[in-house]
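When reading the values below, keep in mind they use all heavy atoms of this one structure, side chains included, and skip hydrogens, waters and symmetry mates.
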Amino acid sequence: MQANLGAGALCQLCLEPFGRLEDLKAPFVIKCGHVFCVGCLYDADPCCRICRITYDRHSYERLLALVGSIPRRPPSPVDAETAGQRLRDEIARINEWASVEVLQELYDGGRYFLDIQPRNRFKDLESSVRLLGCLLQTKDTLQAQVALANTFIERLHQLNSDKVSLQLQLEEMERRHAADRAFIRDHVADLLRRDP
């Protein structure tokens, strides 16, 4: 899969612009086609944080070996402020039709961003991400309840169908029972007439 990166392209995990390999900010495309900076891949599990497909670490570890073991530099305050504002803007654009997947991606990105920042630096963003987590949990719960309600509705339709079938069987049995009673009544009367 080929990835096209334009000017100002950002890593999909840390939301920072791509940069030099020496700073571990070089873009790297993993098997599923998502693009992350080498530093985020180095710090993360070998599983795409967007689509959860596993990837091979060896290809980017060889790339890091070419450069040598360089510690990851923390983002500069200007980069962090820009990324923080970008997150705030994305959270502000959330509407009632946002899918759980979009919310989860934004929540994961926000958590990751806040985890690498100094504590209490982005209090407003921390609150927004916490609220986003609550919204995500609420939407998850709502989806589960809708699925459960649909299961109950299907079961109710099945029970109604079974009820109609049983009513038809009962009517048939009552008709046969009435016919059997009439037959027995006629035969008993006939037997009594023959043998007093």
Point to revise | Distance (rounded to the nearest 0.5 Å) between Glu105 CD and Glu101 CD | key: 10.0 Å

Review point. Going from OH on Tyr107 to CG on Leu131, what distance comes out if it is rounded to the nearest 0.5 angstrom?
Key: 11.0 Å

Check your understanding: Any donor and acceptor pair, going by atom type alone, linking the side chain of Thr151 with main-chain N or O of Ala147 inside 3.5 Å?
Key -> yes

Revision key, fill the gap. Sorted by chain and residue number, the side-chain contact (heavy atoms from CB on, under 4.5 Å) partners of Gln143 (sequence neighbours excluded) come out as Val100, Asp140

**Study point:** salt bridge (Lys or Arg N to Asp or Glu O under 4.0 Å) contacts touching residues 150-172 (sequence neighbours left out)
**Key:** Glu172-Arg175, Glu172-Arg176

Check your understanding: In terms of side-chain geometry, is the basic nitrogen of Asp115 or Arg111 positioned less than 4.0 Å from the acidic oxygen of its partner?
Key -> yes

Revision key, fill the gap. OG1 of Thr141 to CG of Leu148, rounded to nearest 0.5 Å, is 12.0 Å

Review point. Between Gly110 and Val129, which heavy-atom pair has the shortest distance, and what is it?
Key: CA-CG2, 4.1 Å

Review point. Are the side chains of Arg181 and Ile184 in touch, meaning some heavy atoms are under 4.5 Å apart?
Key: no

Check your understanding: How far does CG of Leu103 sit from CD1 of Ile94, to the nearest 0.5 angstrom?
Key -> 5.5 Å

Review point. Closest approach of Trp97 and Lys139, non-hydrogen atoms and distance?
Key: C-NZ, 4.4 Å

Point to revise | Separation of Arg121 CZ from Leu114 CG (nearest 0.5 Å) | key: 11.0 Å

Review point. How far apart are the C-alpha atoms of Leu170 and Leu166, what are their side-chain angles, what is the distance that settles it, and do they pass the side-chain contact (heavy atoms from CB on, under 4.5 Å) test?
Key: CA-CA 6 Å; Leu170 178 63; Leu166 288 172; over 6 Å; no

Revision key, fill the gap. Taking every heavy atom of Ala83 against every heavy atom of Phe113, the minimum-distance pair comes out as CB-CE1, 3.6 Å

Practice item. Please answer whether the main-chain N or O of Met173 pairs with a side-chain N or O of His177 as donor and acceptor at a distance below 3.5 Å. Key: no

Review point. Atom NE2 of His157 and atom CG of Asn160: how far apart are they, to the nearest 0.5 Å?
Key: 7.5 Å

Check your understanding: Do you know which two heavy atoms are closest between Cys11 and Cys37, and how far apart they sit?
Key -> SG-N, 3.3 Å

**Study point:** Shortest non-hydrogen contact from Ile91 toward Ser128
**Key:** CD1-CB, 4.0 Å

Practice item. Compare all side-chain heavy atoms of Glu126 with those of Asn120 and state whether any distance is below 4.5 angstrom. Key: yes

